[in-house]
Amino acid sequence: MKRITKKLTSALDQGFTRCHDCGYLIKAVTQSSCPACFSTLHPRMPNSVQRTTALILSALCLYVPANIFPIMTVTQLGFAEPHTIMGGIMALIESDMIPIAMLVLIASILVPLLKLLGLTLLLLCVHYRWQVNARLFTRIYRIICFVGRWSMLDIFMISILVALVDMGGIAQIIAGSAATAFAAVVVLTMFAAKTFDPRLIWDHQTQS
Amino acid sequence: MSSNFEACPECDALLNPALPIPGEKAHCPRCGYLLQRPRQQSIERTLALSITGLILIIPANLLPMISIKIFGSSLDGNLWSGVSALLKEDMWAIAMLVLLSSVLLPIVNLGLAFLISLHLFIKKPSSHLTHWMRWLQHLNEWAMLEVYGLGIIVAWVKLSSLADLRFGLGLYAFIALLIVNAMLTIELDGYLFWQRIRQLSKKQNG
């Protein structure tokens, strides 16, 4: 790909707006709708920082009950035992299923936590106009977007267990209250990643 | 109003459009974003794969995927039984989320991919094309068949020590659907699709 000038400039600086949906580039920054696909045009996502902050804070609040309360209750021969997310991982480790335990640990504890921390870092970078390696920060954003959906693993696993193990008092698995909180964390962080505009990282960099 | 330039969606760098040939990739020189990845016969392949997916999604939803045997009583499970079991326990929020991400949105996405590629294939302009394409882009990340597949594996490992598990025909259909879905994601060239949609709507408006 040829570079236009030696130093790349942002489209907005040159008076262009890119349609977020179809990618069409328009020589205007005030036009309201895309001439090609008719969706609403914004040079940058509106209130991106505020919306992402709000979603992250909500997710952070729900992250606590998601980890404290039982995510499912396992009944075996009349004996009911509540499991938290961490408890489920411990049970997998005890029964020597380390790879699967690692998988669940990454998907349901590390990924949500790293997503929250990562997005907070990106927000701080944009808010305080840090001079950073923007390429690296964009890559962090891309990773956050990619891994988000994999946290749903625990929710799907519970839905399968709940459906299959349903024998009354002999053997039964019931979803717990933490499951709803955890699902909300996953959905909220996915929305948070979507509302964050990575172009904001580049906007205040003095050299690109 | 239009221009010969394009902009990177993730860093807003103003660029000259790259013209990669199928098999090549065009990355943004500033942030490394994958701008274009043209495929050979993207429209035809998307059409074929979406039809295959729409056929496979029927057995994947209706046939039992896993059957379990505990203490002599057996139970069949498919994609829907998780949803209905959660609804029975009044966990309607999770039930809806599971229903959307494992059943409804995969169907909607395959349907949209089918409609768009069919219209582009027979070159029939439609005022809905831009809406369909936009919905497909926004809903894509909420269809989580592959995550569900991983969930099946973890649930399987957890239960295998307690109970006797059997594969059902539905599981084979589901695995085939996963493969078709992954291929569809690779073959659908969004850049080309938008270009063709624009050309069609220009033709329609004279």
Side-chain angles (χ1 to χ4, degrees), chain A residues 1-4 8-12 14 16 18 20-28 35-39 92 95 97 100 103-104 134-135 138-139 141-142 148-150 152-153 155-157 159-167 170-171 174-175 179-180 183 187 190 198-199 201-203 208, chain B residues 1-3 5-7 9-16 18 26-27 29-33 66 68 70-71 73 75 77 81-86 89 91 93-95 97-98 101-102 130 133-134 137 141-142 144 147-148 150-155 157-159 161-163 191 194 197-198 201:
Chain A
M1 183 177 285
K2 272 187 212 159
R3 298 189 180 194
I4 301 157
L8 284 162
T9 49
S10 91
L12 181 63
Q14 302 295 317
F16 290 98
R18 181 188 188 275
H20 196 71
D21 284 325
C22 74
Y24 201 64
L25 198 65
I26 296 107
K27 177 81 186 141
C37 77
F38 315 112
S39 64
L92 278 171
S95 42
M97 291 181 274
I100 295 285
L103 190 72
V104 179
R135 208 181 159 99
T138 314
R139 193 166 295 154
Y141 171 75
R142 229 168 271 157
R149 50 218 300 279
W150 291 93
M152 282 289 286
L153 172 68
I155 299 294
F156 289 140
M157 185 196 73
S159 86
I160 296 164
L161 291 179
V162 165
L164 287 179
V165 186
D166 186 13
M167 312 276 169
I170 307 168
I174 301 174
T180 311
V187 172
M190 279 179 76
R199 291 172 294 186
I201 304 170
W202 292 87
D203 279 346
S208 41
Chain B
M1 294 297 257
S2 79
S3 64
F5 296 124
E6 60 181 35
E10 291 200 344
C11 75
D12 209 32
L14 194 62
L15 305 163
N16 274 322
H27 289 275
R30 188 158 81 162
C31 73
Y33 179 82
I66 302 172
I68 185 170
I70 309 178
F71 304 119
S73 53
L75 202 68
S81 49
V83 178
S84 61
L86 285 169
E89 293 174 15
M91 308 287 279
I94 304 182
L97 189 62
V98 173
S101 52
S102 68
T130 54
M133 193 66 193
R134 204 181 306 155
Q137 281 179 341
E141 69 172 324
W142 296 97
M144 308 186 191
V147 186
Y148 199 96
L150 200 61
I152 294 175
I153 296 173
V154 177
V157 171
K158 276 202 160 197
L159 289 176
S161 56
L162 306 168
Y191 192 88
W194 275 117
I197 289 171
R198 261 178 241 143
S201 66

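The sequence lines fix the lettering, A, B, ..., with proteins before strands; numbering per chain opens at 1. Quick caveat, the model's predicted, so the values are computed rather than measured.
Both the backbone and the side chain of B:M144 come within contact range of chain A, each with at least one heavy atom under 4.5 Å from a heavy atom of that chain. B:I152 touches chain A through backbone and side chain together, each having a heavy atom under 4.5 Å away. The part of A:M97 that comes within reach of chain B is its side chain, from C-beta onward, which places non-hydrogen atoms under 4.5 angstrom from that chain. Interface residue A:S39: backbone and side-chain heavy atoms are both found under 4.5 Å from chain B. Both the backbone and the side chain of A:R149 come within less than 4.5 Å of a heavy atom of chain B. Only the side chain of A:L92 comes within contact range of chain B, with at least one heavy atom under 4.5 Å from a heavy atom of that chain. Proximity to chain A (any heavy atom under 4.5 Å) is shown, for B:E141, by both the backbone and the side chain. Interface residue B:A7: backbone and side-chain heavy atoms are both found under 4.5 Å from chain A. Residue B:Y191: no heavy atom, backbone or side chain, is found under 4.5 Å from chain A. For B:L150, the parts sitting under 4.5 Å from any heavy atom of chain A are the backbone and the side chain alike.
For the pair B:R30 (side chain) and B:C11 (backbone), a donor-acceptor distance under 3.5 Å is present. With hydrogens and angles disregarded, a donor-acceptor distance shorter than 3.5 Å links the side chain of B:D12 to the backbone of A:L12. Counting only distance, with no hydrogens or angles, the side chain of A:Q14 and the backbone of A:T9 share no donor-acceptor pair below 3.5 Å.
When the candidates A:A134, A:P198, A:S95 are compared by the number of heavy-atom contacts under 4.5 Å with chain B, A:P198 comes out ahead. Heavy-atom pairs under 4.5 Å with chain A peak, among B:C31, B:S161, B:S101, at B:C31. For the set A:C37, A:G148, A:A171, the entry with the most heavy-atom pairs within less than 4.5 Å of chain B is A:C37. Per-residue counts of heavy-atom pairs under 4.5 Å with chain A were compared for B:G32, B:A93, B:S81, B:G77; the largest is that of B:G32. Of the listed residues (A:I155, A:V104, A:V187, A:I201), the greatest number of heavy-atom pairs within a distance under 4.5 Å of chain B belongs to A:V187.
Here the straight-line distance linking atom CD1 of B:I66 with atom CG of B:L159 works out to 8.0 Å at 0.5 Å rounding. Here the OG-OH distance, from A:S159 to B:Y148, works out to 4.0 Å after rounding to the nearest 0.5 Å.
The two residues B:I68 and A:L164 make their nearest non-hydrogen contact at CG2-O, 3.4 Å.
Taking the side chain as every heavy atom from C-beta outward, A:S10 and A:W202 never approach each other to under 4.5 Å. Using a 4.5 Å heavy-atom threshold, the side chains of B:F5 and B:N16 count as touching.
With B:E10 as the partner, the salt bridge (Lys or Arg N to Asp or Glu O under 4.0 Å) test is satisfied by one option alone out of A:R199, A:R142, A:R139: A:R142. Under the side-chain contact (heavy atoms from CB on, under 4.5 Å) test applied with A:F156, the options B:I94, B:V154, B:V147, B:L97 reduce to a single match, B:V147.
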